[in-house]
Amino acid sequence: MLRALRRGRNHRPRMQGAVAVLDIGKTLAKLVLFSPQGEALERLERRNPPPAAELDHAGIWAWLQGALASAARRFEIAAIVPMAHGAAAALVLDGEVFAAPDYEAEIPADVAAAYEAERDPFAATLSPRLPAGLNLGAQLFFLERRLPGLWPERAGCLLWPQFWAWRLSGVAACEVTSLGCHSDLWRPRERRFSDLALRRGWSPRLGPLRRAADILGPVRPELAAELALPLTCKVHCGVHDSNAALLAARAHPEAAEGFSLVSTGTWFIAARSGGAEFEAYDPKGDMLAGVDVEGRPTPTARWMGGRAYEEGMGAHLGARSDRARLAEAAAIPTLPAFTSTPPPLSRPSAVLPPEGGEMGRGDPALVATVAALELARGASRLLDLLEAEGPILIEGRFARDPAMMAALAALRAGQAVYAMADEAAFGALTLARPDASPAPLVCAEPAML
């Protein structure tokens with residue numbers, strides 16, 4: 001189902017030169033339409049199915065075709081820029097998709113143990129060993145056993161943003177922001193494939209290395225005709241979603257020097273940009289180096305904060321927090337499953353605050369405020385791990401939560417905390433329209449805790 005969530009007030013039928021950003025997140029798939037100047041005109045979205053053995057590539061593709069056809073009735077789309085979550089790829093051969101594993105699917109213990117012996121050391125890849133399939137290399141290793149003779153002997157492997165670019169253009173490629181996303185496939189300091197990827201013959205199957213902004217080609221002619229897209233509609237190589245958020249942050253003058261970004265959604269991903277060189281990576285704390293669009297290592301720390309929020313809120317999910325009640329919320333004990341930064345994919349086991357008290361049952365606004373405070377504490381812990389200095393920019397879903405923003409501003413005394421109105425999709429837009437103007441940042445006023 002398509003839902004138009006937002007339109008610009010000055011919307012005009014068949015706007016010329018619009019750019020469509022395809023945002024394939026873990027929870028939602030979105031198509032965001034922008035004017036050439038950077039104004040978000042419309043957003044269409046689809047909720048993805050719950051985690052399973054395979055990502056729903058067929059369902060997303062069916063939705064995307066409908067979304068593009070719908071958008072093409074109102075906008076002349078000049079370019080499409082894919083962005084997508086990390087630790088995902090699809091095996092393709094002769095136009096057919098043979099596998100697209102979900103990173104939350106477990107890998108058999110014997111396969112995981114054999115994989116451990118094959119990985120490059122953390123010091124080389126700055127990619128920690130993560131559970132399930134969160135290391136893309138572990139997925140590819142398992143696929144060798146699941147599909148012998150197909151992978152890597154015959155099939156190609158397309159990283160998730162480039163899979164959608166290939167679907168649209170027919171051109172295969174790979175790109176460093178997804179290669180460098182805790183994949184075990186890339187050595188960021190050396191700017192080359194890992195020994196693992198070379199030794200097992202995976203690297204030649206990933207497609208030619210291209211830059212995120214590169215135009216792979218026009219939309220396939222038959223697809224353009226079917227969806228009423230211009231034959232000249234260009235498809236860009238695409239980018240990992242957290243790196244798109246980093247591009248959006250760098251578009252602001254406040255981020256001209258060193259800054260830190262916290263991208264919020266299913267994951268809270270903190271990244272440090274500029275400033276002194278960072279070396280204090282701790283793989284046990286889910287710290288790693290991402291790789292930005294220029295190929296530079298980017299210190300990163302992560303927490304599945306959005307997932308913890310949804311599961312921790314329980315029946316109160318959807319309640320609005322209240323900035324004025326943060327001091328009250330700060331006096332309430334919360335559950336360790338939520339307050340501590342859990343390892344990736346862990347599951348909080350109960351609602352917050354503990355169910356059974358009058359406040360937990362009858363005051364959803366206070367529960368939401370407690371949760372907002374805990375999100376701020378989790379984000380601040382990530383920033384501590386990165387030894388963050390300078391301004392802090394918050395992007396995504398929870399940048400729109402005044403209580404979370406006010407609490408984080410209070411916890412980061414001496415650092416300006418800004419909410420970004422533009423989301424990661426704006427960063428992807430800048431790959432096609434480098435001169436697009438971002439919306440102004442909003443400085444958060446600290447609360448009294």
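- Although no hydrogens or angles enter the test, the distance criterion places a donor-acceptor pair under 3.5 Å between the side chain of T264 and the main chain of F398.
- Side-chain contact check for Y281 versus T300: every heavy-atom pair is 4.5 Å or farther apart.
- Distance alone, capped at 3.5 Å, is enough to place a donor-acceptor pair between the E395 side chain and the A424 backbone.
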- CA sep, side-chain torsions, deciding dist, call: T177, L246, side-chain contact (heavy atoms from CB on, under 4.5 Å): CA-CA 11 Å; T177 61; L246 198 63; over 6 Å; no
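- H236 places no side-chain N or O within donor-acceptor distance of the main-chain N or O of A79, the cut-off being under 3.5 Å.
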- Query: D56 and R46: side-chain contact (heavy atoms from CB on, under 4.5 Å), yes or no, with the steps?
  - Reply: CA-CA 12 Å; D56 185 25; R46 171 196 193 255; 2.5 Å; yes
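- To the nearest 0.5 Å, atoms SG (C174) and CZ (F193) are separated by 4.5 Å.
- A salt bridge links D292 to R250: one of the charged nitrogens lies within less than 4.0 Å of a carboxylate oxygen.
- Between the side chain of T369 and the backbone N or O of A365 there is at least one donor-acceptor pair closer than 3.5 Å.
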- Derivation of the side-chain contact (heavy atoms from CB on, under 4.5 Å) call for L179 and V291: CA-CA 8 Å; L179 280 174; V291 177; over 6 Å; no
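- For the pair M287 and L386, the minimum side-chain heavy-atom distance is below 4.5 Å.
- Between the CZ atom in R320 and the CG atom in D322 there is a gap of 10.0 Å [rounded to 0.5 Å].
- Nearest heavy-atom pair, A245 versus S263, reported as atom, atom and distance to 0.1 Å: CB-OG, 4.0 Å.
- Residue D120 forms a salt bridge (Lys or Arg N to Asp or Glu O under 4.0 Å) with just one option from R192, R187, R189, R200, and that option is R187.
- With S178 as reference, L159 is the one residue of L158, L136, D241, L159 to meet the side-chain contact (heavy atoms from CB on, under 4.5 Å) rule.
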- Query: Which is it for F34 and F75 under the side-chain contact (heavy atoms from CB on, under 4.5 Å) test, yes or no, and what are the steps along the way?
  - Reply: CA-CA 10 Å; F34 288 94; F75 310 103; over 6 Å; no
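- Proximity of a side-chain donor or acceptor of N135 to a complementary backbone N or O of A138 within less than 3.5 Å is not detected.
- With rounding to the nearest 0.5 Å, the separation of CD1 in I80 from CG in L64 is 7.5 Å.
- Nearest heavy-atom pair across L383 and S260 is CD2-CB, 3.7 Å.
- In this structure, Q139 contributes its side chain and G133 its backbone to a donor-acceptor pair below 3.5 Å.
- Here the shortest heavy-atom pairing between P51 and D102 reads CA-OD2, 3.4 Å.
- Between W164 and W160, the angle of the ring planes goes over 60°, which puts this pair in the perpendicular group of the 30/60° scheme.
- Side-chain atoms of T125 and S194 include no donor-acceptor pair closer than 3.5 Å.
- Of all heavy-atom pairs spanning A155 and L91, the tightest one is CB-CB, 4.4 Å.
- Residues W303 and L375 have side chains in contact (heavy-atom distance under 4.5 Å, counting atoms from C-beta outward).
- In this structure, W186 CH2 and L196 CG are separated by 14.0 Å, a value rounded to the nearest 0.5 Å.
- Aromatic ring centroids of Y418 and H252 lie 6.0 Å or more apart.
- Residues R145 and D110 are not paired through a salt bridge, judged by the lack of any N-O separation under 4.0 Å between the basic side chain and the carboxylate.
- Looking at L68 and L168, their side chains come closer than 4.5 Å, going by heavy atoms from C-beta outward.
- No donor-acceptor distance shorter than 3.5 angstrom exists from the side chain of R119 to the backbone of Y115, with no hydrogens or angles considered.
- Shortest non-hydrogen contact noted between V19 and A432 is CG1-CB, 4.3 Å.
- Using cut-offs of 30° and 60° on the angle between ring planes, the pair H85 and Y103 is perpendicular.
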- Task: Begin from the C-alpha positions of R307 and E310 and carry the test salt bridge (Lys or Arg N to Asp or Glu O under 4.0 Å) through to its verdict.
- Result: CA-CA 5 Å; R307 178 71 60 79; E310 290 184 356; 5.3 Å; no
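- Expressed to the nearest 0.5 Å, how far CZ of F268 lies from CZ of R302 amounts to 14.0 Å.
- Between N243 and M83 the shortest side-chain heavy-atom distance does not fall below 4.5 Å.
- S127 and D184 are linked by a side-chain donor-acceptor pair at a separation below 3.5 angstrom, with hydrogens and angles left out of the test.
- Between the N48 side chain and the G25 main chain, a donor and an acceptor come within less than 3.5 Å of each other.
- Residues L382 and I269 form no side-chain contact, since every pair of their non-hydrogen atoms from C-beta on lies 4.5 Å or further apart.
- You'll find the side chain of L247 stays beyond 4.5 Å of the side chain of F426, heavy atoms only.
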Solution key, residues 399-408 side-chain donor-acceptor pairs under 3.5 Å, sequence neighbours excluded:
{"from": "R400", "atom 1": "NH1", "to": "E423", "atom 2": "OE2", "distance (Å)": "2.7"}
{"from": "D401", "atom 1": "OD1", "to": "S321", "atom 2": "OG", "distance (Å)": "2.7"}
{"from": "D401", "atom 1": "OD1", "to": "A403", "atom 2": "N", "distance (Å)": "3.0"}
{"from": "D401", "atom 1": "OD1", "to": "M404", "atom 2": "N", "distance (Å)": "3.2"}
{"from": "D401", "atom 1": "OD2", "to": "S321", "atom 2": "OG", "distance (Å)": "3.4"}

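- No side-chain donor-acceptor contact under 3.5 Å links E175 to the backbone of Q162.
- Here the closest heavy-atom approach between residue L33 and residue A20 is recorded as CD1-CB, 3.8 Å.
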Report, one line per pair, each donor and acceptor closer than 3.5 Å where one atom sits in a side chain of residues 205-231; sequence neighbours left out.
{"from": "R205", "atom 1": "NE", "to": "P152", "atom 2": "O", "distance (Å)": "2.8"}
{"from": "R205", "atom 1": "NH1", "to": "R154", "atom 2": "O", "distance (Å)": "3.4"}
{"from": "R205", "atom 1": "NH2", "to": "E153", "atom 2": "O", "distance (Å)": "2.2"}
{"from": "R210", "atom 1": "NE", "to": "D214", "atom 2": "OD2", "distance (Å)": "3.2"}
{"from": "R210", "atom 1": "NH2", "to": "I215", "atom 2": "O", "distance (Å)": "3.4"}
{"from": "R211", "atom 1": "NH2", "to": "E294", "atom 2": "OE1", "distance (Å)": "3.1"}
{"from": "R211", "atom 1": "NH2", "to": "E294", "atom 2": "OE2", "distance (Å)": "3.3"}
{"from": "D214", "atom 1": "OD2", "to": "R211", "atom 2": "N", "distance (Å)": "3.1"}
{"from": "R220", "atom 1": "NE", "to": "R167", "atom 2": "O", "distance (Å)": "3.1"}
{"from": "R220", "atom 1": "NH1", "to": "E222", "atom 2": "OE2", "distance (Å)": "2.8"}
{"from": "R220", "atom 1": "NH2", "to": "R167", "atom 2": "O", "distance (Å)": "2.9"}

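- The shortest distance between side-chain heavy atoms of W202 and F141 falls below 4.5 Å.
- Considering CD1 of I24 and CD1 of I60, their distance stands at 5.0 Å, rounded to 0.5 Å.
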